[in-house]
Amino acid sequence: MKHRIIIGISGVSGSIYALRLIEILLGLPKEIHIMASDMALKVFKHEQNKDLHEIIHQMEASAGVRADAIIHDNNNLFAPVASGSFQTEGMVIIPCSMKTLSAVASVYTHTLLDRAADVTLKERRPLILVTRESPLSLIHLRNMVAVTEAGATVMPACPGFYHHPKSIDDLADFMVARVLDHLKIEYPHAPRWGSND
């Protein structure tokens with residue numbers, strides 16, 4: 001099986017998390033499948049001052065890239081990631097809006113991102129939802145319970161501070177390191193409690 005990871009980006013603040021995850025995965029011998037909602041593309045451009053596709057192509061042109069990045073149209077339900085027979089190591093929705101959480105919880109597969117998440121769950125593969133919202137309503141909490149019971153991991157974007165972060169990038173790295181841990185991908189720069197490195 002090829003080492004494939006699916007990355008879904010939904011329309012909520014926190015594009016830095018997706019950007020950092022993609023950057024790290026591009027340095028590994030992986031096949032990365034990326035899809036973003038229409039709103040995610042707008043939020044990404046607002047927060048990063050650049051188009052998602054433009055940034056990924058710039059990253060791919062840099063030294064040290066070992067991965068293949070495939071960007072899918074979120075409306076293309078004929079894409080390979082829409083099928084359970086297309087084997088992957090798992091999927092991360094980063095960041096994950098409450099709308100996308102709701103779609104996953106209710107199996108509303110209107111877009112490729114939603115369908116890929118549904119496929120990941122039904123095939124019993126890791127699905128990590130890096131949620132971004134505060135405070136949480138009872139509906140949000142119930143949806144989190146529903147996806148957790150179905151096998152997903154809900155990982156709110158709540159970085160730690162015990163590693164004495166010096167920048168926003170340090171905070172983003174903390175969260176991405178936790179995601180990589182749950183995908184069983186080694187990341188030597190992960191800040192860990194009890195480590196003097």
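Remember, predicted model here, so these are calculated numbers, not experimental data.
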Worksheet item: Can you list the steps and then say if Val130 with Ile128 is a side-chain contact (heavy atoms from CB on, under 4.5 Å)?
Response: CA-CA 6 Å; Val130 182; Ile128 301 165; 4.2 Å; yes
Worksheet item: Under the 3.5 angstrom rule, does the side chain of Arg4 hit a backbone N or O of Gln87 as a donor-acceptor pair?
Response: yes
Discussion item. Working to the nearest 0.5 angstrom, can you tell me the gap between Arg132 CZ and Ile94 CD1?
Written reply: 11.5 Å
Worksheet item: Are any of the side-chain heavy atoms of Lys122 and Val119 separated by less than 4.5 Å?
Response: yes
Discussion item. Measuring from atom CD1 of Ile6 to atom OG1 of Thr88, what distance do you get when rounded to the nearest 0.5 angstrom?
Written reply: 4.0 Å
Worksheet item: Below 4.0 angstrom, N of the basic side chain to O of the carboxylate: do Glu89 and Lys30 qualify?
Response: yes
Discussion item. Before we go on, tell me: are the rings of Tyr17 and Phe174 under 6.0 Å apart, centre to centre?
Written reply: no
Worksheet entry | Spatial distance of atom CG (Leu25) from atom CG (Leu180) [nearest 0.5 Å] | 6.0 Å
Item to complete: Following the transitive rule for hydrophobic clusters with a side-chain heavy-atom cut-off under 4.5 Å over Ile, Leu, Val, Met, Phe, Trp and Tyr, establish whether Ile70 and Leu21 coincide in one cluster.
Response: no
Item to complete: Verify, without hydrogens or angle tests, whether Thr120 (side chain) and Arg125 (backbone) share a donor-acceptor contact under 3.5 angstrom.
Response: no
Worksheet item: Hey, is the main chain of Gly14 close enough, under 3.5 Å, to the side chain of Glu47 for a donor-acceptor pair?
Response: yes
Practice prompt. Looking only at non-hydrogen atoms, find the nearest pair between Glu123 and Gly84 and report the distance.
Written response: OE2-CA, 3.5 Å
Worksheet item: CG/Asp68 to NE2/His3 distance, rounded to the nearest 0.5 angstrom?
Response: 13.0 Å
Discussion item. So that I can tick it off, tell me whether Asp114 and Lys99 are bridged by a salt bridge, with the cut-off set at under 4.0 angstrom between side-chain N and carboxylate O.
Written reply: no
Worksheet entry | Single-linkage hydrophobic cluster, 4.5 Å side-chain cutoff, Val176 and Leu28 together | yes
Discussion item. Set out, in order, the CA-CA distance, both residues' side-chain angles and the distance that settles side-chain contact (heavy atoms from CB on, under 4.5 Å) for Thr100 and Thr111, then state yes or no.
Written reply: CA-CA 10 Å; Thr100 299; Thr111 67; over 6 Å; no
Worksheet item: If you group Ile, Leu, Val, Met, Phe, Trp and Tyr by side-chain heavy-atom gaps below 4.5 Å, do Met175 and Leu26 land in one group?
Response: yes
Worksheet item: Any side-chain heavy atom of Leu129 within less than 4.5 Å of one from Met155?
Response: no
Fill in: Test applied, side-chain contact (heavy atoms from CB on, under 4.5 Å); reference residue, Leu101; option that passes from Ile93, Ile139, Val147, Val12
Val147
Item to complete: Nearest 0.5 Å please: distance from the CD1 atom of Ile22 over to the CD1 atom of Ile34.
Response: 4.0 Å
Worksheet item: Rounded to the nearest 0.5 Å, how far does SG of Cys158 lie from CZ of Arg178?
Response: 12.0 Å
Fill in: Pair His57-Glu54, side-chain donor/acceptor within less than 3.5 Å
no
Discussion item. Within the 4.5 Å heavy-atom criterion, are Leu41 and Ile9 side-chain neighbours or not?
Written reply: no
Discussion item. Using a 3.5 Å distance criterion without hydrogens, assess whether the side chain of Thr148 forms a donor-acceptor pair with backbone atoms of Met144.
Written reply: yes
Worksheet entry | salt bridge (charged side-chain N to carboxylate O under 4.0 Å, His left out) contacts in which one or both residues fall within residues 149-175, not counting sequence neighbours | Arg20-Asp173
Worksheet item: Where do Ala150 and Leu121 come nearest, in terms of heavy atoms and distance?
Response: O-CD2, 3.7 Å
Discussion item. With a 3.5 Å distance limit and no angle check, can you tell me whether Asn74 reaches the backbone of Asp38 through a side-chain donor-acceptor pair?
Written reply: no
Worksheet entry | For Ala18 against Pro95, the heavy-atom pair lying closest together | CB-CD, 4.4 Å
Worksheet item: Would Met98 and Leu136 count as a side-chain contact (heavy atoms from CB on, under 4.5 Å) if you check the C-alpha gap in whole Å, the side-chain angles of each, and the deciding distance to 0.1 Å?
Response: CA-CA 9 Å; Met98 293 299 105; Leu136 297 168; 4.3 Å; yes
Item to complete: Using the six-membered ring wherever Trp is involved, compare the ring planes of Trp193 and Tyr162 and label them parallel, tilted or perpendicular (cut-offs 30° and 60°).
Response: perpendicular
Item to complete: Mind listing the closest non-hydrogen atom pair of Ala116 and Met35 along with its distance?
Response: CB-SD, 4.2 Å
Discussion item. Closer than 3.5 angstrom, by distance alone: can the side chain of His182 be matched with the main-chain N or O of Val179 as a donor-acceptor pair?
Written reply: no
Item to complete: Show the numbers, then the answer: is there a side-chain contact (heavy atoms from CB on, under 4.5 Å) between Phe44 and Ile55?
Response: CA-CA 10 Å; Phe44 203 97; Ile55 291 176; 3.4 Å; yes
Worksheet item: Would you say Ile71 and Ile56 make side-chain contact, with heavy atoms under 4.5 Å?
Response: yes
Worksheet entry | Whether Ser62 side chain and Met59 backbone form a donor-acceptor pair below 3.5 Å | yes
Discussion item. Under 4.5 Å between side-chain heavy atoms, counting indirect links through other Ile/Leu/Val/Met/Phe/Trp/Tyr residues: same cluster for Leu113 and Leu127 or not?
Written reply: yes
Worksheet item: Should Ser13 and His46 count as side-chain neighbours, where that means a heavy-atom distance under 4.5 Å?
Response: no
Item to complete: Please examine the side chains of Asp118 and Val104, heavy atoms only from C-beta on, and report whether any two atoms are closer than 4.5 Å.
Response: no
Item to complete: Spell out, yes or no, whether Met91 and Ile24 are grouped together once hydrophobic residues are joined by side-chain heavy atoms under 4.5 Å, including indirect joins.
Response: no
